Every structure is written in structure tokens, then in C-alpha cells.
Amino acid sequence: MEYNPREIEQKWRRYWEDNHIYQVSNHSESPKFYVLDMFPYPSGAGLHVGHPLGYIASDIFSRYKRLSGYNVLHPMGYDSFGLPAEQYAISTGQHPAITTDENIATFRQQLDNLGLSYDWSREVRTSDPKYYKWTQWIFMQLFNHYYDQDADKALPIAQLTDHFAASGNAGIRAVCDDDTPRFSAADWNAMDEQAQQRLLLKYRLTFPEESFVNWCPAMGTVLSNDEVKDGVSERGGYPVERKLMKQWAMRITAYADRLIEGLKTLDWPESIKDQQTNWIGRSQGASLRFAVDGHPDKSIEVFTTRVDTIYGVTFMVLAPEHEYVAALTTDAQRADIEKYIKWTASRSDVDRMAEKRVTGAFTGSYAINPLNGKKVPVWIADYVLAGYGTGAVMAVPSGDQRDWNFAKYFNLPIIPILDAQQNTEEAADATKEGRYINSGIINGLNYAEATPKLIAWLEEHGLGKGKIQYRLRNAVFSRQRYWGEPVPVYWKNGLPYLIEVSELPLLLPQVDKYLPTETGEPPLGRAEGWLYQNKYPYELSTMPGWAGSSWYFYRYMDSQNDDAFCSPEAANYWRQVDLYLGGSEHAVGHLLYSRFWNHFLYDLGLAPEREYAKKLVNQGMIQGRSNLVYRAKECFFEEFLWIKVLQPLLSDMQPVQMAQNTLQETTTYDFSFSTNDLAIEVVSFKILDKIALKKGIAKSDGKRLLVLTIEELIADINQPEVIADKIRKAAASKEPYIISEGTPVYEYLFVSHDLTQKYTPECFTALHVDVNIVDDDVLDLEKAHKLNQFEKANFKLDAERKFLCSFEIEKMSKRWFNVVNPDDVVEKYGADCFRMYEMFLGPLEQAKPWNTKGIDGVSRFLRKFWAMFYDDKGRFLVTEDAPNRDELKVLHRTTKRVTEDIERLSFNTCVSAFMMATNDFRELKCSKRGVLEPLVVLIAPFAPHVADELWQALGHEGSIHASGKFPVCDESFLQEDVFNYPIAINGKTRVTIALPADAAKDSLEAAAKAAVEKWTDGQEIKKIIVIPGRMINIVV
RNA sequence: GCCGAAGUGGCGGAAUGGUAGACGCGCUGGAUUCAAAAUCCAGUAUUCGCAAGAAUGUGUGGGUUCGAGUCCCACCUUCGGUACCA
């Protein structure tokens, strides 16, 4: 019986489904294990071969854990709100819910094709009202809580109002907006309800806030930074303006320190932790104010992490957008400043980033150093960003290289401030070593002493204070879109109020179109009569994509619960994700926001652990391998004629190449001959005026003209002698003007890649070609001719009559024609083979290009594996004979390797181990149950279908995935009697000798000495290093 | 610019500081076949050599070590992330 993956795989997939093999219970005697894949967005394009890499890896791990006796939660669902479905809705009018359902069906079918062991009874979709009810519920909790810095956790707003009523906002440390005023209990109690509510918004963990957005009036929508290019929308090129808009925000900054602290407890890749730490960007320093000379009402606030360098300040720099720029600019400087501002405004962010030159302009005003009263000039420059900190910098050129560059360029003074600074005339030196000089009250102190002294002085004089600053901003939580969760809020008297919990979910209303309203309101503004209690307008923006994905890992634990987002019993059983697998592109988006929500839920006692994912692994991207074809330009044909026809075939006519460069191109023809009066011009038959021009030139030169059209050259491109004949005939004739008649068959020529090397690279245009009509870089010409791209094309083939493409490794994407669909591969080789091959490609974490070169090897392996059980006549080969020691050794060695490698997620080496075991058993001619049965269990996580088929053949009832027990290695079988010792001289291996494994060191030394006499002859042996069971090194 | 990762045969890759190149692809030769496919066997880092064998060899240059692909320093290249972050 032959190995027939198609039949086997369908059979077992149906069995698994019918018998609910992968359904998991929240009650078990076994230890739990939670394996999670990152939430996918079900895109219309479906899966490509890159997507399943992580799904297969997590599936292998889940199956392995299950076979090892764990109760494994391994769920899948969809982050199904999102822009693509909405954009499709805008262009077609189809409700995004329908599009989404269709896409999910495709996605699901493709996932099923891979034989993954998900518990589909727990599937969730963020766009399902039963799901987003709880997203809205969590939002309401955030609205009803504030962050108390003394308790270091979120507490109910009611506690805050109690405190306000008793003692105002003194004596409580709560995270709030920067502009929150001080007020007493009397103030608070005198406020009306509206004033109190307005004030509370400054404390709530989610709150409406005015913030700048990229508003595109033509599209009626807000764009992300990367949708804006050069001040216009990337798609459509419409103008984009900065607009202040009321948006919901999340006070994630309240959790900044805890989000940094929590990272220390996580088994996550360091690079991800680094990125999160940098994103949060905690810096400890001081904020202080510089008075402005002649402007008593103004002072420039700066934040610095090096307040100790304050005596080195020789100028100030404001961002060109800083609010004081206009006021500080003197009339003498106004023209300069305005010119500079105009210039910076015209430059894109990319330009500004790439800028290496120093630019800036002087305002004409001076700031006063609070420490020494010295006046320093105030400049503006675009290296200071308006959006960061205060948009102003105190410049210390002796300690900061950027400031130093600026000072040198504009000839500003540089004052050294530490005796340890080296050569500050040559470059800035940011050292903190040494003692302060030129530094007033801190002269002679060191860094550790100076900083607190300065901060104390500033605080005492009311000029500044110590401050911790974060780069992290509060997260905007509004989207001006339709396809997202409605915010459970209505507006009354300009203030937001929550709806009742009993009114959840607030359903997404129907709208006539998925576009903004004429007045610029979000699409929900179109919903008719959408009012709370028929009176109050609902919030019209919807939640962003990260809302639903910030807590989904809890919903899987208890996906059908209508009374809670997750019951405490379920949460306390599963607790946290043990292994989380996904791409590193989510490093600071999803992975930071979801940690924030989890910390909040933890504060409320709803999440059992501070961090929801214990271990995180990033799978590498599978890149596409694109193929390129080379289309010839006109100059190619000239070079071709010269290299392939005129020189080799017509040398007797002494050809001359006329136009050496494009300048002469219009004034002369391409070729002539020393032996006759013929001239040749190569040109497309379409360019009639050029032909006429050349005809005239030839005539005035007294030459006869042969026009070789590019189109006729293309037709004969693989037969240069035919072209040579044409030229000979033309030379022999007396005709003054010769040109081919008739309509050409071809218009384009593509040149095999190996031939392009002979020509100037500029002769070709490289174009992507669909990789599905290319095999091993050889283009399938038959298929190619059927494509529009090649309809009127001929191909110049290489010496082996093949057409070669070049290749490039790039992101797998439709636009590069390099997408490989897993369904096609599964159809050809089977899911088991596809799974093993994806793993065999290389380490999980590493990015690697997709190519199918090696897949035949894996396919061959599976057939060999099968052949240990069945011969080609379909006879079952497995015997009940007891395995011998050699056979058991192979089994246990394989068990050890596979177990260890799965544990460290090194799946590629597992596949190798299976190949080696199979080769070994075949060599031993072994088909004994005693070794093959455990081997089938070992391979079951990797090739689940064939494992089940063989499990059944071995006489078992039901599925291996339900009843199999993962084998355990018995080390005693691995012990060897003899060991082949490599004997090295000075670390270089010379010979290996077999010695008893338990031999004493002395006898090893003696044996080694004897074995290497040939090399050591006559040299003194200084030392012998013996590592028992490893090697012996002789030092001479 | 900064941060991070990685550089090993023709290719994908393997290697707790201890025989570099496992395993697979590809290629070469052979068997089988009327022939092909499939399958099986053997070989396959480079250079020299008929061979035995020798020399070289993990991006470059240093260092630590009896011994370095692996650890340390500097540099080069590629990829990823990120920013005028004060």
C-alpha cells in the first residue's frame, strides 16, 4: 500500500472533528498549559506560506504537551474589526460584517487544511456583539477608575470623589492631567455636577482629550503618520492638515513604571523588551525655567536629564513651532526667522531626518540662566521637536555633540564644565566623571553630589524641580470609522456619561453609507435616531483595533460566558499564557497595550497574574523569493547587432560602430562598413519620424540605408545568421533604402538572465514575473506566453535553450508576484509534509526565504517512514519481535533529541532526527513494534495525520492525539562500550582511536601517545589534556 | 545617527569552548529499466595529488585558551527596529 496523504489526511481530519478530539475542559487533574498564537486579522487575501509558520510551531508544541500529559488550551479566533473590510464596504456598499464572515470562512478552511489542533468551540471574533459587549464593559471600568500613586494601583472614582469632598485634591497622589488645578473640599463641594464631572475627566483612566490629528478633508477621515507622504495622503494625494479633534485617550502613562518593571519578570526576547523600554522612554531629570530678557511675562521651560551641565549652557534652542517664537523674534531678525520657519515647514519628516547639515536662526532675544544670571541667545532649529517635552532645549555644547555641532557652525561659545572633559574644542564630551569647573555653586563637586544640590536650589527658588519624564504618550483611543466597537458613552451638556451595564452591548447601528457625514462627523453620525433614551447623542467614534485584542486571551478561557468576560474559576485555572507566539511587528503596539489592560484588570482583581504571557517567542518572517525578467531596451539591439552579428559574422565587411553615445544618436546612424556604402539603423518601426530623419542623414552622407527594425530583430533573435544574411543581401543590392514590410509579430524581447551579463546593464528593464510560472529560476515559456505581460514578447534563450530569471529576496506580497499559497503546496505534498518542511527550513525565530527546493526531500522521508510499516504490496511489516540493543539505542537517542529540541523550539533539528532514525532503522532492517510504536508517538506532533493512520494500523482504537503517551528517553540505552577518541596535537585533530569508554586517564594518555608518535616524533610532549568521553589533546 | 540580530560548502542549514559542515536539496557516477519517472548504492568544503595524504578553511584583523564557528575587543557587510527623545 502506498503512502497516500490526501486520503489519510481527509480521513483523520474528519475523525478529529466528529469526535471533538481537541476540545479541552476547564477542569482537569492534569497540569494546565496555555499555548497562544497572536490574534490574526482575517484578510481577504487569505493565508500565504509565511503565515502558518507560527501556527505549525505552536501546534507542534501543543500536541507535544498534550501527549506529555498536560491539559492544553490551544485556541484560535479573529481580530475581525478593521480597515480593509470597511474600505471594501465603502467601495461596494457591502456590509463589513458580510465581508468579514466570508474572509473568516476562507481563513478557517485554509487553517483546517494544515491539520491544526485548535479547540474551535472556543473561537472568538472581536466583531461579535457577545464579544465586544465585554470590550465595552472593560472600557467602562477604565472610565470609572483613576490611578492612585500611593496605592500604586487603579482605584474606583468613588474613592476619589469621597476624598475630594473631605479634603479637596490635597493629600492624594493621583495621576491626572498636567493642568489640573489645586482645589479644596469647599471648592469641590461648591461645584455643580457638571463642573465636578469636568474635573473628574482629568483623572479617569479613559477620557476625552483634544489632540492633533492628520485630518484629510477630502477623505473626511484621519490618517496615520505613514499614510501621509509629503503633506498629502499616500492614497489619492489629497491635502492633509493638522486638526485639533476631541478624541478618547487611555491614560497608559499612569502605568509607565509598572510596564517597565514587569518586563523584568518576563521570558520574552530581549529585543522586544528593549523596544518597549525605549518606547516608554523613562528619563529622570529636572524641569526648569529660563526667564527671557525684556519679556517679564514669559519664561522658557526646559526638561533636561543633565541639570548638572547648567553652567555650560551657552544658548537655547526652540523648535520652530514653539509658541514663543513670534514674540521673541526681534524686528531685525524677523525676516531670517520667518524664512527659516517657512523652509522647515516645507520639508517632510523624511527630509528632516536625513539632514546632516546644521541649520537654525537667531531670534534676537536672550534667555537668562537662572543659576548665574548670564544672558544666552535664543535660537530656533528643526533638530528640536515641538512634540517632545517642552519643545525647548538648553544647549550645552561642551557635553552634547548635537549642541556642539550647532555651536561650532554658528560660532557660539563652548564652556567646559568638568575637569575630566577631553578637548571640548574638538568634540563634545558627555562624561559624568571628574569635578565641576566654571560652575558656580557646584564647583569642585562630583556628579552624584551636584545634581541633588542643583535640584534643591531650583526648588527652593521656585525655578524648577526634579522630574521624571516619559516618552510614552497617552494612547489615542478613537477612530473616525464605522467598523469598530461603539464606545458605550452618550453626551449630555457637553460631558460624556456611561450607559448602564445592563444596556450592553451597545450595538453597532446600521448606516446608509460607510463614509463620514457631510459635516465631517464619523460614519456613525449617519445612523438615524441613534440617541440614548431618544435624547442624548451617542459617542460617534469607534474603538481602535487594539481594543479587542488587548484582552482576548481571557475570553478563550471562558468564551461562552454571558455573565462575565471570563469567570474567576476559568481565569484562576488557566491563569496566564505559557507560550505566546507571534511576529515581532507587534512589539510596541499590541504587546504594550495588552499588558497595560492586563495590569488594570489585575488591579481590579479580575486578572490572576500581573503579566498575561509568561514566555513569548517571535517567529521569523518567511520572505518571498521574487523572480525578475529582463526586458530589452533599444540600446540592447544595437549592442546585440555589434557583438553577435557584425563582429563575428560580417568581419570581412569591416563593420564600423558609429554612435558611441546618446548625444550622437540623433545626428548619425548606428553602423556602417569600410568596404561598402551601406549604413544600418536599428529602430522600432513605430518611430517613423526617426526613420525619416536617418534616411535624410544617410542620403546626405552618400550612404544607402538599411533599417533593421527592433521588431524584426526580436523575431530572429535566436538566429543571428539570419540577420547577417539580411545585411549581406542589402550590401549586395543596389537599393538606396531597405526596410522590412509587414506587421511584426513581436514587440518586446526578454533576455535570459545569464545572457544579460554580456551587455550594458542600462540596456534592460527588470520586471517581476509571477513565481508560479518559474521553476528553479527557469521560466515556463508555454505558461508565460499565455499572460498579458508576454503576449507580444519573444525570448532570447541561453545556450541550453532555457530562459533564466534572476531572483531577489523580499517581503511576500501580491505586488511582487511572489506569493505562494499553502493550499497549492498541501494539495501536492500533503499537510504533514508541508508542516514538516516549514519546520525544516531553519530556526523558528530566523527570517528566511520561501523556496520549495528541499520539499521533495521531506516528501521522500515521509514515504520512507511509511515504508517501515508497509511494503509496496501493501503488506503490513510490523513484527512483535523484541528489539535488540542497537535498535533501542536508535529509538532512545531519537527520543532524547526530539524531546530536548521541542523544548527549546528547535523544530528543524527534530525533523533531521526523524530522518536519521528512519535511515538507521532501514539499515537495521527493523520493523519491530517495540521501537516503531514509540517512534509514531514522537512524530505525531509534527505529522499528526500519518501518525494516526499508523497508530490505527498498529491496532489502537481511536486517535493517537487522545491516547498516545510521549516516550521518555532511557539513558541506559545510550551508553557506549567504546568511544572513538579524537587525538589532537596542539588542538589540531590528527587521528581517532577507539578506546574503552570506562578507560582510566593513564591508559588513555598512553594510548594517545602511541597513536601520535608519527607526528610527535622527536618533539617534547609538554602536556596531555584528557577529557574523558570527549577528546585528548597533546601539547608539544 | 542610535539600538538589536546575523555573517559557516553550489543552496537551506547543523555543531553544551572539544573530530566544522549533521540532516536535506542540488550535482556526479553506478544499479534497475526497451526507455523514462520512481527507487536503490557510492561520492560530493577548497587547493595540490593517480592515490596515500597534505595544506587551507566558519565576514576581516587582533586577543583569551591546551583547544574558538562558539568567549572578549575593533572593524566590514547584511537584515530588522527606531529616532533630531534633550
Side-chain angles (χ1 to χ4, degrees), chain A residues 2 269-275 277-279 281-283 285 302-307 309 317 319 349 352-356 358-359 381-385 387-396 399-403 405-406 430 469-472 584-585 587-588 618 620-621 623 776 809 836-837 840-843 845-861 863-864 867 872 897 900-901 906 908-919 922 980-992 1022-1027 1029-1036:
Chain A
E2 249 187 46
E270 285 306 314
S271 56
I272 295 279
K273 295 204 240 179
D274 286 350
Q275 281 182 62
T277 308
N278 294 339
W279 188 266
R282 184 183 200 271
S283 50
V302 298
F303 174 79
T304 176
T305 53
R306 287 295 302 273
V307 68
T309 63
V317 187
D349 285 357
R352 282 196 184 192
M353 272 188 254
E355 184 58 71
K356 295 277 178 278
V358 177
T359 64
D382 66 357
Y383 79 87
V384 176
L385 293 183
Y388 186 76
T390 61
V393 177
M394 57 174 231
V396 184
D400 183 289
Q401 191 57 43
R402 225 173 25 224
D403 295 345
N405 293 345
F406 197 86
Q469 177 136 319
Y470 300 95
R471 176 185 177 276
L472 184 72
S584 55
E585 67 271 21
V588 287
N618 288 129
M621 189 177 32
Q623 295 151 313
D776 201 11
I809 304 300
M836 293 195 94
Y837 182 60
F840 191 55
L841 274 175
E845 294 92 337
Q846 210 166 288
K848 54 222 156 221
W850 173 259
N851 78 65
T852 42
K853 267 190 175 174
I855 196 166
D856 289 309
V858 176
S859 176
R860 228 168 274 166
F861 154 73
R863 286 199 296 268
K864 285 188 202 169
D872 51 7
R897 265 195 78 173
E900 286 174 359
D901 289 354
S906 171
N908 53 329
T909 50
C910 291
V911 179
S912 298
F914 289 126
M915 289 174 169
M916 284 157 83
T918 306
N919 291 343
R922 281 160 62 87
N980 282 321
Y981 274 93
I983 315 295
I985 297 168
N986 292 341
K988 182 156 188 65
T989 306
R990 289 292 171 182
V991 68
T992 57
K1022 287 189 184 151
K1023 199 172 173 187
I1024 300 183
I1025 290 134
V1026 179
I1027 318 284
R1030 276 278 180 217
M1031 52 96 67
I1032 298 164
N1033 190 17
I1034 294 167
V1035 187
V1036 298

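These numbers come from a predicted model, not from an experiment. The sequence lines fix the lettering, A, B, ..., with proteins before strands; numbering per chain opens at 1.
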Integer angstrom distance from the C1' of U78(B) to that of U32(B): 47 Å
Closest listed nucleotide, where the reference is the side chain of Pro843(A) and the choices are G24(B), C3(B), G13(B): G13(B)
Given RNA chain B, 5'-ward residue of the pair Asp274(A) and Ile855(A), judged by closest heavy atom: Asp274(A)
Residue Thr305(A), side-chain atoms from C-beta onward, closest of A22(B), A86(B), G18(B): A86(B)
side-chain contact (heavy atoms from CB on, under 4.5 Å) evaluation trace for Leu841(A) with Gln846(A): CA-CA 10 Å; Leu841(A) 274 175; Gln846(A) 210 166 288; over 6 Å; no
Touch class at under 4.0 angstrom, heavy-atom based, for Asn1033(A) against every strand present: base
Between C23(B) and A68(B) - C1' atom distance, rounded Å: 24 Å
Nearest non-hydrogen partners of Asp403(A) and Val396(A), listed with the distance: OD2-N, 3.0 Å
Minimal non-hydrogen separation, Cys910(A) against Asp901(A), with atom names: SG-CB, 3.4 Å
G7(B) and A54(B), which share atom name P, separated by this distance in whole Å: 31 Å
Touch class at under 4.0 angstrom, heavy-atom based, for Leu841(A) against every strand present: sugar-phosphate
Closest listed nucleotide, where the reference is the side chain of Asn278(A) and the choices are G18(B), C3(B), A15(B): C3(B)
Nearest atoms (heavy-atom pairs only) where Phe406(A) meets Ala381(A): CE1-CB, 3.6 Å
Listed nucleotide nearest any side-chain atom of Met915(A), set C23(B), A86(B), G12(B): C23(B)
Minimum heavy-atom distance between Pro269(A) and Asn618(A), given as atom pair plus value: CG-OD1, 3.6 Å
Sugar-phosphate, base or nothing in reach of Asn919(A), heavy atoms under 4.0 Å: sugar-phosphate
Length of the line joining Glu900(A):CD and A14(B):P, which is rounded to integer Å: 16 Å
Touch class at under 4.0 angstrom, heavy-atom based, for Arg863(A) against every strand present: sugar-phosphate
Watson-Crick or G-U pairs under 3.5 Å in RNA chain B, rendered as dot-bracket with [ ] for crossing pairs and | for another strand: (((((((..(((.....[....)))((((((.......))))))((((....))))..(((((..]....))))))))))))....
Anti or syn - G13(B), cut at 90° from 0: anti
Interatomic distance where CZ belongs to Phe861(A) and P belongs to G13(B) [whole Å]: 20 Å
Span that lies between the C1' atom of G18(B) and that of A83(B), in whole angstrom: 45 Å
Which nucleotide in C40(B), G18(B), C23(B) has an atom nearest any side-chain atom of Lys864(A): C40(B)
Under 4.0 angstrom between Arg922(A) side-chain N/O and C40(B) OP1 or OP2: yes
Nearest-Å distance once atom C1' is located in both G9(B) and G57(B): 10 Å
Rounded interatomic separation in angstrom, taking CD1 from Ile1034(A) and P from U19(B): 16 Å
Minimum side-chain heavy-atom gap Val858(A)-Met915(A) below 4.5 Å: yes
Sugar-phosphate only, base, or nothing, as touched by Asp403(A) at under 4.0 Å among non-hydrogen atoms: nothing
Between G43(B) and G21(B) - P atom distance, rounded Å: 15 Å
By salt bridge (Lys or Arg N to Asp or Glu O under 4.0 Å) - contacts of Arg860(A) (at least two apart): none
Shortest non-hydrogen contact from Phe840(A) toward Ser912(A): CE1-OG, 3.7 Å
Minimal non-hydrogen separation, Phe914(A) against Phe861(A), with atom names: O-CE1, 3.4 Å
C66(B) versus G59(B) - spacing of their P atoms, nearest Å: 24 Å
N/O (side chain, Asn908(A)) to phosphate O (OP1/OP2, C23(B)) under 4.0 Å: no
N/O (side chain, Arg860(A)) to phosphate O (OP1/OP2, G24(B)) under 4.0 Å: no
Interatomic distance at C1', C25(B) relative to G13(B), whole Å: 11 Å
Gap between atoms CE and C1', on Met836(A) and G12(B) respectively (whole Å): 16 Å
For atom CD1 of Ile272(A) and atom P of U82(B), their distance in whole Å: 11 Å
Interatomic distance where CG belongs to Leu472(A) and C1' belongs to A83(B) [whole Å]: 16 Å
Atom-to-atom span, CG of Asp856(A) to P of C23(B) - whole angstrom: 19 Å
Gln846(A) vs G13(B): side-chain N/O to OP1/OP2 distance below 4.0 Å: yes
5′-ward residue of the pair Arg897(A)/Gly842(A) relative to RNA chain B: Gly842(A)
Nucleotide A86(B), atom C1' - distance to CZ of Phe406(A) in whole Å: 14 Å
Distance-only side-chain donor-acceptor flag, Ser859(A) / Arg863(A), under 3.5 Å: yes
Distance below 4.0 Å between Asn405(A) side-chain N/O and C84(B) OP1 or OP2: no
